[in-house]
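Below is one structure, written out as structure tokens, with a few remarks after it.
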Amino acid sequence: MSSNTQTASGLPQRYAAGSRDRQLVAALVRWYRRHRRDLPWRETSDPYAIWVSEIMLQQTRVTAALPYYVRFLAEFPDVDSLVRAKEAKLLEVWSGLGYYRRARQMQQAARVIAEQHDGAFPNTFEALLALPGVGPYTAAAIASIAFRRPHAVLDGNVIRVISRLVDEDGDVTRSEVKEALRLKAQSLGDTGAPRRFGEFNQAVMELGATLCVPRNPHCLVCPLASGCVAYKRGVQESRPVKPPKGRTLELEMVVAVVRRGSSLLMRQRPADEALMPGFWELPEEAAERLDENCLQDLGIQLVEELGRFRHGITFRSYRGRVYRARLAGSLPRGYDWIAAGHLDKIPLTTVTRKALKAKLRVQD
DNA sequence: AACACGTGGCG
DNA sequence: TCGCCAAGTGT
């Protein structure tokens with residue numbers, strides 16, 4: 001499959017491959033070897049460590065993932081330690097990185113590896129794809145980087161680099177267009193050494209992350225410039241083509257700081273909650289419009305505004321206000337008093353971390 | 001197929 | 001400030 005330039009359905013491939021491509025790929029790999037960033041997951045051949053890095057890098061920048069990667073591997077150095085990890089510890093280590101489902105899925109995958117693969121890391125694209133949290137991108141990345149198998153990755157970087165290279169003008173959110181780009185990436189990688197496909201994949205991604213960036217790409221120093229159709233036509237800034245985004249929904253949010261001595265009123269989100277299960281948070285309410293009575297159902301009366309913050313999730317944008325508040329009735333269901341000194345030992349939602357930070361700013 | 005999921009950096 | 005978007009996956 002890897003060297004097949006036809007689609008499974010027998011459709012003709014969309015972009016031609018030739019000896020020109022081989023030269024471009026060679027130039028790209030030379031550039032990569034010279035300019036690649038020193039990153040810890042590039043210094044290991046341990047499939048487990050490479051898997052951890054690939055999961056963390058999903059929709060996440062290298063600079064954001066870096067400290068988490070180091071901490072995670074120190075805390076959970078192998079499959080076995082991840083299987084045995086306490087959920088609270090896992091979430092604490094992941095807290096702040098985002099997409100928290102990834103952490104739980106990693107533990108599920110670790111269990112699958114321990115139980116169904118006898119602890120040996122799966123080493124084929126198909127077996128990797130079967131792991132929770134591992135999709136086509138991550139399976140191809142691990143297969144090529146850790147196991148030297150010839151599978152092209154398709155991520156945001158590859159989409160950008162290849163769509164510019166061939167001047168793809170179709171909407172890259174469409175699956176047919178993405179598949180055409182993936183096939184082109186595969187055929188490019190197939191012009192090089194099969195067991196170096198991982199290096200090719202990383203070279204394309206590194207190019208996308210550092211030179212072939214969304215705005216103001218550095219085409220003058222790009223190793224692919226001589227073969228880049230979009231650059232030739234001067235339309236590189238207009239590739240890839242994506243549909244316009246819908247408008248974001250503006251919402252208000254109120255967060256209450258209720259103190260008892262040096263403790264704060266907080267609740268742990270239920271384990272079956274869709275959004276950030278198991279995380280701790282201050283009492284909060286969100287709606288289009290909120291007044292000072294908004295937390296009365298919990299018996300909470302707002303006293304004084306302490307600070308403001310903003311928070312956005314997908315298409316929703318929250319304007320948050322933090323209030324000093326007091327508890328009129330008894331302890332609301334699901335709530336507890338948490339010692340302030342304990343806050344750095346439990347996983348907090350980002351809204352709560354932002355609220356506490358906004359409050360500190362005001363009180364300083 | 002279209003959405004939801006988090007967060008931070010950049011122009 | 002604000003929108004874009006980053007080494008995607010699951011539903």
Side-chain angles (χ1 to χ4, degrees), chain A residues 32 36-37 39-42 50-69 91 94-106 108-109 128-146 151-161 171-178 182 185 198 200-210 212-217 237 240 242-250 273-277 279 281 308-319 347-354 357:
Chain A
Y32 175 67
R36 67 178 216 166
R37 293 166 289 180
L39 301 171
W41 47 85
R42 287 181 174 162
I50 290 167
W51 169 58
V52 171
S53 74
E54 290 301 340
I55 299 294
M56 284 191 171
L57 289 166
Q58 290 170 2
Q59 297 283 283
T60 307
R61 289 171 194 282
V62 163
T63 52
L66 209 40
Y68 287 85
Y69 173 84
L91 294 179
W94 205 275
S95 180
L97 191 55
Y99 287 120
Y100 299 98
R101 192 169 52 177
R102 291 183 295 182
R104 294 164 184 287
Q105 286 172 330
M106 284 187 78
Q108 292 168 19
L128 289 161
L129 190 59
L131 296 174
V134 175
Y137 162 78
T138 307
I142 300 172
S144 65
I145 297 169
H151 295 274
V153 297
L154 189 71
D155 73 334
N157 288 310
V158 180
I159 287 173
R160 190 166 54 254
V161 170
D171 176 352
V172 298
T173 63
R174 288 174 50 211
S175 53
E176 314 90 85
V177 175
K178 277 193 286 203
R182 195 192 62 75
F200 164 76
N201 280 333
Q202 292 185 84
V204 181
M205 292 191 282
E206 188 81 347
L207 189 78
T210 61
C212 194
V213 290
R215 276 154 307 190
N216 301 316
E237 297 253 28
K242 294 181 183 180
K245 292 264 167 80
R247 236 183 72 70
T248 60
L249 187 60
E250 296 284 344
E273 197 101 15
L275 181 57
M276 294 193 281
F279 282 74
E281 64 187 7
R308 298 187 170 201
F309 65 94
R310 291 198 55 112
H311 187 63
I313 302 174
T314 315
F315 68 97
R316 281 166 296 173
S317 176
Y318 296 98
R319 293 173 191 281
L348 299 178
T349 66
T350 295
V351 162
T352 288
R353 276 189 283 110
K354 284 186 179 176
K357 202 168 154 190

Need one value for [X]: base, sugar-phosphate or nothing, where a base atom within 4.0 Å counts as base even if backbone is also close, heavy atoms only.
{"X": "A:A209", "result": "sugar-phosphate"}
{"X": "A:W94", "result": "nothing"}
{"X": "A:G208", "result": "nothing"}
{"X": "A:L97", "result": "base"}
{"X": "A:S175", "result": "sugar-phosphate"}
{"X": "A:V134", "result": "sugar-phosphate"}
{"X": "A:R174", "result": "nothing"}

CG of A:D155 to CZ of A:R160: how many Å apart, nearest 0.5 Å?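 CZ of A:R160 is found 8.0 Å from CG of A:D155.
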Can you tell me how far CZ of A:R102 sits from CG of A:L97, rounded to the nearest 0.5 angstrom?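 Here the rounded value is 4.5 Å.
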Atom [atom1] of [X] and atom [atom2] of [N]: how far apart are they, to the nearest Å?
{"X": "A:K354", "N": "B:dG6", "atom1": "NZ", "atom2": "C1'", "answer": "9 Å"}
{"X": "A:M205", "N": "C:dA7", "atom1": "CE", "atom2": "P", "answer": "9 Å"}
{"X": "A:Q105", "N": "C:dG8", "atom1": "CD", "atom2": "P", "answer": "15 Å"}
{"X": "A:K178", "N": "C:dT9", "atom1": "NZ", "atom2": "C1'", "answer": "11 Å"}
{"X": "A:L348", "N": "B:dG6", "atom1": "CG", "atom2": "P", "answer": "15 Å"}
{"X": "A:K242", "N": "C:dC5", "atom1": "NZ", "atom2": "P", "answer": "5 Å"}
{"X": "A:Y99", "N": "C:dA7", "atom1": "OH", "atom2": "P", "answer": "13 Å"}
{"X": "A:R160", "N": "C:dC5", "atom1": "CZ", "atom2": "C1'", "answer": "9 Å"}

I need the minimum non-hydrogen distance between [X] and [Y], along with the two atoms involved.
{"X": "A:S95", "Y": "A:Y68", "result": "O-OH, 3.1 Å"}
{"X": "A:V204", "Y": "A:V161", "result": "O-CG2, 3.8 Å"}
{"X": "A:A146", "Y": "A:I50", "result": "CB-CD1, 3.8 Å"}

Closest to the [X] side chain: [options]?
{"X": "A:R61", "options": "C:dC2, C:dA7, C:dC5", "result": "C:dC5"}
{"X": "A:P214", "options": "C:dA7, B:dC5, C:dC5", "result": "C:dC5"}
{"X": "A:E176", "options": "B:dA1, C:dC4, C:dA7", "result": "B:dA1"}

Donor/acceptor link under 3.5 angstrom from A:T63 side chain onto base of B:dG9: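 Counting by modelled atom types and ignoring angles, no donor-acceptor contact under 3.5 Å is found here.
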Base of C:dT1, side chain of A:R310 - is there a donor-acceptor contact under 3.5 Å? no
Using the P atoms only, state how far C:dC4 lies from B:dC3, rounded to an integer number of Å. 15 Å
Using the P atom in both, what is the distance from B:dA2 to C:dA7, to the nearest Å?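 Here B:dA2 and C:dA7 have their P atoms 23 Å from each other.
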I want to confirm an ordering. Mapping A:R319 and A:T138 to their closest nucleotides on DNA chain C, which one lands closer to the 5' end? A:R319
How do A:N157 and A:L131 order along DNA chain C: which one's closest nucleotide is nearer the 5' end?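 It is A:N157, whose closest nucleotide lies nearer the 5' terminus.
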Parallel, tilted or perpendicular: which describes the rings of A:W41 and A:Y69, with under 30° parallel and over 60° perpendicular? perpendicular
I want to check one thing: is the phosphate of [N], taken as OP1 and OP2, less than 4.0 Å away from some side-chain N or O of [X]?
{"X": "A:Q59", "N": "C:dG8", "answer": "yes"}
{"X": "A:T60", "N": "B:dG8", "answer": "no"}
{"X": "A:R37", "N": "C:dA7", "answer": "no"}

Decide yes or no for A:M106 and A:L131: does some side-chain heavy atom of the first lie under 4.5 Å from some side-chain heavy atom of the second? no
Per nearest nucleotide of DNA chain B, the residue lying toward the 5' end, A:N216 or A:G96, is A:G96
Return the 5'-most residue of the pair A:R102, A:R215 with respect to DNA chain B, ranking by each residue's nearest nucleotide.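 Comparing both residues, the 5'-ward one is A:R102.
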